**Student:** 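Following this message is one structure expressed as structure tokens.
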Amino acid sequence: MASDGPSPPTDEEPASLGRLTVRAPDVEARDYSRSDWIETGDWETEFYAPASCRDAASVPLLVLFHGAGGLPQRTLPMIAPLADELGFLVFAPKSLGMTWDIMEGGFGPDVKFIDESLKLIFAEHPVDPGRVGVSGFSDGASYALSIGLSNGDLFSDAIAFSPGFSMNLGAVGRPRIFISHGERDRVLPIDMCARPAARQLARAGYDVLYKEFPGGHTAPPELVDIAVRRFVSGGADA
């Protein structure tokens, strides 16, 4: 698990700082009977528990954030085949608005919902507390970096495919970082987004694996494969 680091300020509500309060407990293996929708609050949330997890004593969990205007069921297919092969759970929440709360006024509603949903998942499944990752594409990648940096005591890895930025209101822990970005991205230009973000994180002492590719605003399957295998293996580069 990511090591503890400096704590964020405590005079504000944790959700407003992007802080999650839930932690994965050490639990014994349970029956993996859920591979459908979890209905919580006003959101639709895709939770995927592949058959390959059912006999495991503990399993990794990857949180997956969609891009602006996206849906969990459109984002999940980029990860589901690897979840089947490698045996990990996927939690793909739906943002309350068109995109994540940090882009629409600041951390808050989405953070609270993610916190409550993770409590349900941790209660029902033997999640490995040392392999809980957060990932996303585009706006979801920016959110993954921001949430990951604020919750390095929960997330071992933060995976960002074509991010725009990261907002750090108080770094905690040192999650491993993966960033990929297209050299011809016209939605979020690489020189303004991923390149400076990767340099800044590396200088701050994070374990950063950065990959550029000769394309646009997308997440190439081969780079998704590298990032996810690194996460599941506990940090080994592909």
Side-chain angles (χ1 to χ4, degrees), residues 1-5 20 22-24 26 32 46-50 52-53 56-67 72 75-93 114 117-118 121-122 125-138 140-163 166 171-181 194 197-198 201-202 205-213 218-238:
M1 181 181 295
S3 61
D4 291 343
L20 301 166
V22 67
R23 297 293 176 266
D26 293 325
Y32 285 82
E46 185 76 59
F47 176 69
Y48 187 58
S52 55
C53 291
S58 65
V59 292
L61 168 67
L62 187 64
V63 180
L64 178 63
F65 297 135
H66 60 76
T75 309
L76 184 62
M78 67 185 275
I79 296 294
L82 285 168
D84 291 333
E85 177 189 348
L86 302 176
F88 62 90
L89 307 174
V90 183
F91 166 49
I114 293 164
S117 297
L118 287 176
I121 293 170
F122 291 157
H125 301 281
V127 174
D128 180 351
R131 290 185 295 170
V132 181
V134 60
S135 61
F137 171 69
S138 192
S142 300
Y143 204 56
L145 284 178
S146 301
I147 291 289
L149 294 174
S150 297
N151 296 277
D153 50 348
L154 170 63
F155 296 118
S156 61
D157 295 75
I159 299 170
F161 303 110
S162 302
S166 66
V172 178
R174 284 291 185 269
R176 288 179 294 269
I177 307 294
F178 178 94
I179 299 174
S180 68
H181 213 105
L201 289 167
Y206 289 91
D207 179 0
V208 178
L209 180 58
Y210 176 62
K211 299 284 188 179
E212 295 185 2
F213 58 93
T218 186
E222 63 272 20
L223 295 184
V224 174
D225 187 272
I226 289 172
V228 171
R229 289 182 188 277
R230 180 182 189 236
F231 157 62
V232 172
S233 70
D237 294 350

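All figures in this text were calculated on a predicted structure; none of them were measured in a lab.
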**Student:** How close do Arg230 and Val208 get, heavy atom to heavy atom, and via which atoms?
**Tutor:** NH2-C, 4.4 Å
**Student:** From the options Val134, Leu118, Asp128, select the one residue that forms a side-chain contact (heavy atoms from CB on, under 4.5 Å) with Leu61.
**Tutor:** Leu118
**Student:** Might you point out which heavy atoms bring Pro175 and Gly148 nearest each other, and give the distance in Å?
**Tutor:** CG-O, 3.5 Å
**Student:** What distance separates Leu223 CG from Ile159 CD1, expressed to the nearest 0.5 Å?
**Tutor:** 11.5 Å
**Student:** Which heavy atom in Arg176 sits nearest to a heavy atom in Gly234, and how many Å separate them?
**Tutor:** NH1-O, 3.2 Å
**Student:** How many angstroms lie between atom OH of Tyr210 and atom CZ of Phe178, to the nearest 0.5 angstrom?
**Tutor:** 10.5 Å
**Student:** Are the side chain of Ser52 and the backbone N or O of Asp84 linked by a donor-acceptor pair below 3.5 Å?
**Tutor:** yes
**Student:** Arg131 side chain to Leu62 main-chain N or O, any donor-acceptor pair under 3.5 Å?
**Tutor:** no
**Student:** Search all heavy atoms of Pro126 against all heavy atoms of Ala56 and return the closest pair with its distance.
**Tutor:** CG-O, 4.3 Å
**Student:** Quick check: closest heavy atoms across Ala83 and Pro50, and the distance to 0.1 Å?
**Tutor:** O-CG, 3.5 Å
**Student:** Measure the shortest side-chain to side-chain distance between Tyr143 and Ile114 over non-hydrogen atoms and say whether it is less than 4.5 angstrom.
**Tutor:** yes
**Student:** Between Ser162 (side chain) and Thr218 (backbone), is there a donor-acceptor pair under 3.5 Å?
**Tutor:** yes
**Student:** Between atom CD1 of Ile177 and atom CG of Leu201, what is the distance when rounded to the nearest 0.5 Å?
**Tutor:** 5.5 Å
**Student:** Report yes if the side chains of Phe155 and Ile147 come closer than 4.5 Å at any heavy-atom pair, otherwise no.
**Tutor:** yes
**Student:** Glu46 versus Thr75: any side-chain heavy-atom pair under 4.5 Å?
**Tutor:** no
**Student:** Got a donor-acceptor contact below 3.5 angstrom from the Ser135 side chain to the Val63 backbone?
**Tutor:** yes
**Student:** Atom CZ in Phe161, atom OG in Ser138: separation rounded to 0.5 Å?
**Tutor:** 12.5 Å
**Student:** Do Pro163 and His181 make a side-chain contact, defined as non-hydrogen atoms from C-beta onward lying under 4.5 Å apart?
**Tutor:** yes
**Student:** Do you know the tightest heavy-atom contact between Pro72 and Ala92?
**Tutor:** CB-O, 3.1 Å
**Student:** Quick one, Phe88 and Val228 - any side-chain contact, counting heavy atoms below 4.5 Å?
**Tutor:** yes
**Student:** Can you tell me how far the CD1 atom of Ile179 sits from the OG atom of Ser166, to the nearest 0.5 Å?
**Tutor:** 7.5 Å
**Student:** Would a 4.5 Å heavy-atom cut-off, applied to side chains only, mark Glu222 and Lys211 as touching?
**Tutor:** no
**Student:** For Phe47 and His125, take the angle between the two ring planes, folded into 0 to 90°, and tell me which bin it lands in: parallel under 30, tilted 30 to 60, perpendicular over 60.
**Tutor:** tilted
**Student:** How far does CZ of Phe231 sit from CG of Leu86, to the nearest 0.5 angstrom?
**Tutor:** 10.0 Å
